[in-house]
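Below is one structure, written out as structure tokens; comments come after it.
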Amino acid sequence: MKSSQTFSSSSDEPADERRVRKQKRGRGPADQDDRDFGAFLLQFPATASSTPLTKKKRTAAGFPPDRMFYDRWRSVQLAKREELLLSQCSRRPPSVSKVSRLIQKEAWTGNCPCPEDVVAKWRPATRVQVESDPWIITMIQNQKWTGLALKDFGTKGQGVVATEPFAMGSVVCDYHGKVITGAEGRKLVESIKGDMGYLFFFHAAGRDLCVDAETFPCECHPTENTMGRRINHSSKRANLRPVHCMMNFPEGQRDVILFRAKRDIHLCEELLFDYGVKRKSFRGEAINLDWLDE
Ligand SMILES: C[S@@+](CC[C@H](N)C(=O)[O-])C[C@H]1O[C@@H](n2cnc3c(N)ncnc32)[C@H](O)[C@@H]1O
């Protein structure tokens, strides 16, 4: 065993298993085990795609013939595999069948995560994760957000409904349009003739900005009926929260307004967010703005 070498202990092993193992064995030997297991991992990195270790290889490298390190190695790999699967589901929790499909695609021969466990481990992505998430970036680029449909709501005009449930924290879609300055946006407001307004004003890092979804279709998606601009207002029943992100596109950073689910959203529910505008600041007094109180 390569106990004369100094290695940092493995931080990859799931914390629960590590704690239980330490409790079982007492401090001294467990710390030594950690150092040895660190050496084991350096020799045999446990990645999602690494192939299982044979006993022959383990012993030839000077490690004990029993299964202890091998079992720990497998649990590190399992955690990495779960992480890999979850990284492909950052927008919202996957279904068990989706995880099963992803596992099949990987063609792992053993040490496969249990799809139900992966689904249970899903957590909403942090803002930093979202800002660099390749799946979310692709959906902003192609405007092919799934789980959404347009519906006619009579006097409200069109609106967006969920055709699949969204768990709290899921990324639902973006408010798509060209980002212009607040001053340019306010100028555009003056030119709006109809009842509907499609400008989203926001402040980010001291900048006064506006997403122009009034200019429709946008230059980048001339044939797409982009969804975000169709989401209606409610101050009392809002189920979406707009969040400003600096998305890391391949060509550089861009301001994006993303909608995240404020709570679990059910099938067929209308998506709504609080426009956060006062009657006075909206547009003139000629139009009926009672709906802003809804
Ligand atoms: C961003 S658009 C939303 C989509 C719009 N309903 C459509 O058909 O394209 C904003 C406009 O929708 C209408 N609207 C949004 N929420 C409403 C509500 N709760 N009640 C009535 N009208 C609403 C207002 O005319 C508002 O200016």
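Indexing begins at 1, ligand by ligand and atom by atom, following the structure's order.
- Short contacts between ligand 1 and Gln158, defined as distances under 4.0 Å to a heavy atom of the residue, involve ligand atoms 4 (C), 5 (C), 6 (N), 7 (C), 8 (O).
- Atoms of ligand 1 found under 4.0 Å from any heavy atom of Ile231, numbered from 1 in the order shown, are 3 (C).
- Within the structure, ligand 1 has Tyr275 among the residues with a heavy atom less than 4.0 angstrom away.
- Taking any N or O of Trp291, backbone or side chain, none lies under 3.5 Å from an N or O belonging to ligand 1.
- At a cut-off of 3.5 Å, with distance as the only test, no side-chain donor of Asn248 or Glu131 sits close to an acceptor on the other residue.
- Thr146 and Arg91 share a donor-acceptor pair across their side chains, judged by distance under 3.5 Å alone.
- Side-chain atoms of Ser100 and Ser97 include no donor-acceptor pair closer than 3.5 Å.
- Contact between Gly159 and ligand 1 is absent, with no heavy atom of the residue lying under 4.0 Å from the ligand.
- For ligand 1, none of its N or O atoms has an N or O atom of Tyr175 under 3.5 Å away.
- Heavy-atom distances between Leu272 and ligand 1 stay at or above 4.0 Å for every pair.
- Formation of a donor-acceptor pair under 3.5 Å by the Ser170 side chain with backbone atoms of Phe166 is not found in this model.
- For ligand 1, the polar-atom distance check against Thr155 finds no nitrogen or oxygen pair separated by under 3.5 Å.
- At a cut-off of 3.5 Å, with distance as the only test, no side-chain donor of Asn142 or Glu224 sits close to an acceptor on the other residue.
- The N/O atoms of Tyr198, backbone and side chain alike, include one that comes under 3.5 Å of an N/O atom in ligand 1.
- Side-chain N/O atoms of Asn111 and Gln77 include a donor and acceptor closer than 3.5 Å.
- Between the side chain of Asn239 and the main chain of Leu272, a donor-acceptor pair closer than 3.5 Å is present.
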